[in-house]
Amino acid sequence: MAEQDTTKYIVSTNPHAHSGDSVQRIMLDVIIALIPATLLSFHFFGWHAVRLVTACVVGCVGIEVICRKLMGRDLGITDLSAVVTGLLLAFNLPPSLPCGMALVGCVFAIAIAKQLFGGIGYNPFNPALIGRVALLISFPVAMTKWHAPLNTARWAALNWVDGTTTATPLGAVKTAISMGQPSPVAWGNTSMLNYMLGNMSGCIGEVSALALIVGGLYLLYRRCISWHIPVAYIGTVAAFAAILRILQPDANMPVLFHLLSGGLMLGAIFMATDMVTSPLTKKGMLVFGIGCGLLTMVIRRWGGYPEGVSFAIILMNAITPLINRATRPRVFGRKSVRA
Amino acid sequence: MISYVLIVIGAVLVNNFVLTRFLGICPFLGVSKKLGTALGMCGAVIFVMTAASAVTWALQHKILNPLGLGYMQTIAFILVIASFVQLVDIAMKKSAPKLHGALGIFLPLITTNCAVMGVAVLNVQLKYSFIKAVVFGFAASLGFALALIIFTGLREKIDRANPPRAFQGVAIALVTAGLLSLAFMGFATLVK
Amino acid sequence: MDINNILITSGAIGGVGLTCGTALALAAKFLAVKEDPRVEAMDEILPGANCGGCGFAGCADYAKAVVLDGAAINLCAPGGNEVLELIAEAMGQEASAEEKRVAVVMCAGDSEKAPRKHLYNGVADCTAAAAVAGGDKLCKYGCLGYGSCARVCPSGAIEFKNGVAIVHPDLCISCSACVRACPRNLIKMVPVSKTIHVVCSSKDKGPIVKKACQVGCIGCRMCLKLAGDAFEMEGFLALRNYDIPVENELIVEKCPGKCIVKCGASEAPSPEATEPTPSEPSTEPAEATTEGQT
Amino acid sequence: MKATKAKFKFDGGIHPAYHKELARDRAIETMPIPALLRVSMSQHLGAPAKPLVKKGDTVKRGQCIGEAAGFISAAVHAPTSGTIKEVGTAPTAMGTSAAFIAIEPDGEDAWIEGLEGIADWQNADTKALIAKVAAAGIAGMGGAGFPTNVKLSPPPDKPIDTLILNGAECEPYLTADHRLMVEHAEQIWTGCQIVRKVLGAKHVHIAIEDNKPEAIAAMEQAMEGADDDASISILKTEYPQGAEKQQIYATTGREVPSGGLPMDVGCVVENVGTTLAVWDAVVNGKPLTERVTTVTGMPVSEPKNVLGRIGIPYSDLLDFCGGLKADVAKIISGGPMMGLAQPGLDATTTKTTSGLLFLAPQETQTFRSMPCIACGRCVGACPMYLVPAELSQMLEAEDYEAAEELNVLDCIECGCCAFACPAHRPLVQHMKQGKSKVMLKRRQAQKK
């Protein structure tokens, strides 16, 4: 023992054991969970999906590096959070969006929504959603130009974008309802399957509910997320949609249509569960999910935008500190929450 | 009835005084550091804005208009609102000295607050009836309260954040307010 | 222009104003709160740095204490004599001027001269580090270098050089915040004109000190022999008696422990003050609060 | 006697890697007395004992060499016969300095005369029994070291109806209590009955985690024919089932009020090692001079459960276990969850040294903590239902008032939060610092 150099003994406060989890590992798990949806987006939108995903991931990581350098802090990109933000931002963009605009989104997401606050952990809002909402407000035309997914013929011809644009199902329904016309979307088993797989127009990553659910199950298995937010969120949307459908069957779409179309699955499984911007306690997560669901449906039904997932989540992000405050657990041995 | 509901939703969410009309930014930034103080400020603003709506409506329609003194609107309103805030100030100093100390300079600042003046002028511009004017004043102040309370929660988080030196303090608070305003854009055209 | 118009206007607005004024006057009368105007005046006099050096929770609290509870008037160190005179005048008391005192860190054991005994991994804060296995420095009296003093310094006067704190006397505002922050009580307030210090606080015996630090007091009493009453012993540690000037400055070179130093007001007290201005920007320990030393 | 599953279970908790297999099946070995013993005067919670001997004195085993100083304190006895080499101060395993007495053993290991037990303890006076325990200098051997005689004398307005015997040993690696239960179940049960009689407690629960079937079986056998009010509660294996408040909840469903003691809910918790010491003191009249310490860890050549005298230097303890076979990155006095990291092997064993653990470099690293990512795992893990994430951020910003409002003082420093934290935040350190700052503030406020 005598020859052992004591200066290499690590001394720290207890505990001396650790679960072995790390932020990096969690982010890696999220990336793995996003792979099925990424691949399906490549399938449905071809080159444009590849282009946007690459632009956003490279853009986000690059901007993160630049910001950290400018701030004179260590790079910290090894935590992979910028990659996750880039992927999620790309998933929230329409296929024909120019790369330059996507980069503007990256700047908003990483520089303004994240690094200005000090980087990972300090951002009050989900960076990817801030990027998307900023783009939606800055470039309303480009951000609402939708294309039908590729079919075999277009794949064969490498015809990435056909000249015609189509509305998203949610958009088409909203326009029709606001004009008092019957719903333009026929709802049957075929369309349900298509929606499930993602064979519809929309943002590149949000279309395939199936791929997103598979990713979500992986995250649940890895305990990266808990069931509370997705279940509360999707459940609230379902309940709300069901009530609307019962009250006014003509003016409202069926429940499954609301669940499978638009960005609900992407939002509920990947965006609302972002740890940094969602509540700490299980109770708080339920409140958060329910709030997201209500706001989403309010905006979908009565708002100016056909889709309300992004806004709903950012709005709930904003009141997350208040939810945390209100849902602190009762301390062991105390009757009430407060001292 | 439905028109009152629309007024409330419009003033609280769609055209939120702070986040969409950008009125009342000064107390919004100044009193958002602690929830207790923020709640006190909300109470004061709700009282002042609702009461000011009523009084200025009466002033406009019962004194200025009959006398043809519409052009004196601004001066008369400032007079009334300033007195009102002074009144709240004195009353609060007596009844809640701690809160008074915490609100500090921001209470008298409501005097010159564009939010109170704004609600009075908007009432006249929108040709609201007396009840609608009071409801609008109340709803507008509720909107202010909502924004202030949400922001106070966020503020506690960003006060512990680690922004670059140039952005510390009010700068990062303003960035956050901007992002919050971005989120409120989601309510656009909820009520036409 | 119709004279009536003017009359009506002024009458109406005047009437409104009169009503409001009356209401306010009544409110002021019935809801009046008594306040001592001197407290406010005192608050104006104080610098408003809220450093807490006086022992009260900020300037306003001190102002209240001075006026209402008769607290001592000479507690505001940052204000200096100027503020003291103003307070004395306001309170009708006699001002007794005192020499400005500045903080000096009584340890020079930097990372080269004083080795560490283990690898500390935890919160980068001196109090926290001192609580884990007695601190990671071999010398159990020495500066741990995790910047607790620099973080509380309201004037940014404390710099870390090679893992040991150094106070810049010309930036120091005498608030003593660092004295309270140091878990090892290494910082002392000394008169600004005194430039010779014993920069060691180890009460250990000579051999232990020698093993733990290259610039430690070994208790040889050389300073007492050379400079007489300007130094005194407390156990195995020499202490500087600041009431008596050091006549024989040779002691700075002769001290076998190399722990007696001389430094001017513009220089930081460093045993080898080769660089009066630091070559690297002052460290910002605030940004590294939770970073472990790896 | 048949063991039953505990009815309750606290929320939270974690499942660390236990590694009990290293020393679980090693029978307790008695270690020969080393060349020098350094007995600390601060082996328990409360005021350190006052040394009664000086350099050059000769002492016999069991002779009182340090007397209890104050109400919450415990006497210290010479662990063997020999000569006093030194009375001085040195850093303890806790990192603080305390007085110690160094004894050079004479090899005879002669007991002091006049030690008598109370063989007929069933009919003995309660006061006499407590006096025996006090005279033996017994302090809680689970880790906290609360003087046992104080625990056995609750104020008359706090009647005790339940005695809980803590055999959970929820700390990973440690197996000392497990071995004691397997090898000395009879004596533990007798000691338990003595304590029960002193307290007048109707119910007795022996709480053991379900990863110790051998210990459960041994206790079942020892308690054959016990009355119906005694029972063995099997706890689910989860850290911290052995924490006092959590264990009381698990066995009785009672919550110790915040800031309160177990006696506030009519309970007393004793460690199995403590009851064994009580048996030894009451039945044989012997003061506490030895204890079982688990020396374990991957780098240790032969992990062992060592029965050694109090005051053995850690380096001797390691040598008895064959020294090291691999590199060591961390030395821990106690278990990995609540033990204290040691800067070396200079410290000596005390009445509370339940283990000496060596961790290899691949098992432990230095961590760079990251900002909190609000994953909420600490909230799920905290057995006191606190919000460590928020608390640590408040404490980092030195906002002690806010932390006090969020009940930082209720933290038991069990380490669950930091274990679960993916950002490697030093949560327990924040809590410890916050607690001491808040306590300091309270004391200052009281003075005013």
Side-chain angles (χ1 to χ4, degrees), chain A residues 67-68 70-73 108-109 111-127 129-138 140 178 276-277 279 295-296 298-305 307-326, chain B residues 2 5-6 9-10 12-16 18-20 28 32-36 38-39 42 145-192:
Chain A
C67 286
R68 299 300 289 190
L70 284 178
M71 283 155 57
R73 300 191 184 163
F108 263 93
I112 293 177
K114 185 175 166 197
Q115 291 299 341
L116 273 193
F117 291 91
I120 185 170
Y122 295 121
N123 50 308
F125 300 100
N126 185 320
L129 283 179
I130 290 289
R132 171 185 149 85
V133 166
L135 284 177
L136 188 62
I137 286 161
S138 316
S178 68
V276 177
T277 55
L295 286 170
T296 302
V298 164
I299 295 173
R300 274 190 184 178
R301 180 63 185 82
W302 292 289
Y305 294 95
E307 176 57 303
V309 169
S310 314
F311 288 111
I313 297 174
I314 302 183
L315 283 167
M316 291 310 287
N317 285 166
I319 62 165
T320 293
L322 294 174
I323 298 178
N324 276 339
R325 191 184 257 274
Chain B
I2 205 84
V5 175
L6 289 183
I9 293 177
V12 174
L13 298 178
V14 183
N15 289 316
N16 186 291
V18 179
L19 297 171
T20 315
F28 178 66
S32 52
K33 287 202 172 130
K34 280 226 161 92
L35 196 60
L39 287 174
C42 290
L146 176 75
L148 184 59
I149 290 169
I150 292 179
F151 194 61
T152 307
L154 282 173
R155 192 77 185 259
E156 285 184 2
K157 181 175 166 86
I158 58 175
D159 276 353
R160 285 187 222 120
N162 190 13
R165 184 159 291 178
F167 281 89
Q168 273 162 13
V170 179
I172 196 70
L174 276 168
V175 171
T176 316
L179 295 180
L180 189 58
S181 162
L182 206 63
F184 263 69
M185 299 280 255
F187 291 122
T189 69
L190 203 61
V191 175
K192 296 215 170 64

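Below, chains carry the letters A, B, ... as their sequence lines are ordered, and counting in each starts from 1.
- By the 4.5 Å heavy-atom criterion applied to side chains, B/Met185 and A/Leu136 are not counted as neighbours.
- Looking at B/Ile158, the atoms closer than 4.5 Å to chain A (heavy atoms on both sides) all sit in the side chain, from C-beta outward.
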Got a list of side-chain donor-acceptor pairs under 3.5 Å for residues 174-184 of chain B, not counting sequence neighbours?
unit_1, atom_1, unit_2, atom_2, d
B/Thr176, OG1, B/Ile172, O, 2.6
B/Ser181, OG, B/Leu19, O, 2.9

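- Heavy-atom pairs under 4.5 Å with chain B were tallied for A/Leu116, A/Asn324, A/Leu322; the largest tally goes to A/Leu116.
- One finds the CZ atom of B/Phe167 at 12.0 Å from the CD atom of A/Gln115 (value rounded to the nearest 0.5 Å).
- In this structure, chain B has a heavy atom under 4.5 Å from the side chain of A/Ile137, while its backbone stays farther away.
- The two residues A/Pro321 and B/Gly153 have their closest heavy-atom pair at CB-O, 3.2 Å.
- Looking at residues two or more places apart in sequence or on another chain, you find no salt bridge (charged side-chain N to carboxylate O under 4.0 Å, His left out) involving A/Arg132.
- Residues B/Ala161 and A/Tyr122 share a closest heavy-atom pair of CA-CD2, 3.4 Å.
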TODO: Just do the side-chain contact (heavy atoms from CB on, under 4.5 Å) check on B/Lys157 and A/Thr320 with the steps written out, would you?
DONE: CA-CA 10 Å; B/Lys157 181 175 166 86; A/Thr320 293; over 6 Å; no
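- When heavy atoms are compared at a cutoff of 4.5 Å, A/Phe125 approaches chain B solely by way of its side chain, counted from C-beta outward.
- Only the backbone of B/Arg160 comes within less than 4.5 Å of a heavy atom in chain A; its side chain stays farther off.
- Residue A/Leu295 touches chain B through its side chain alone, counting heavy-atom pairs closer than 4.5 Å.
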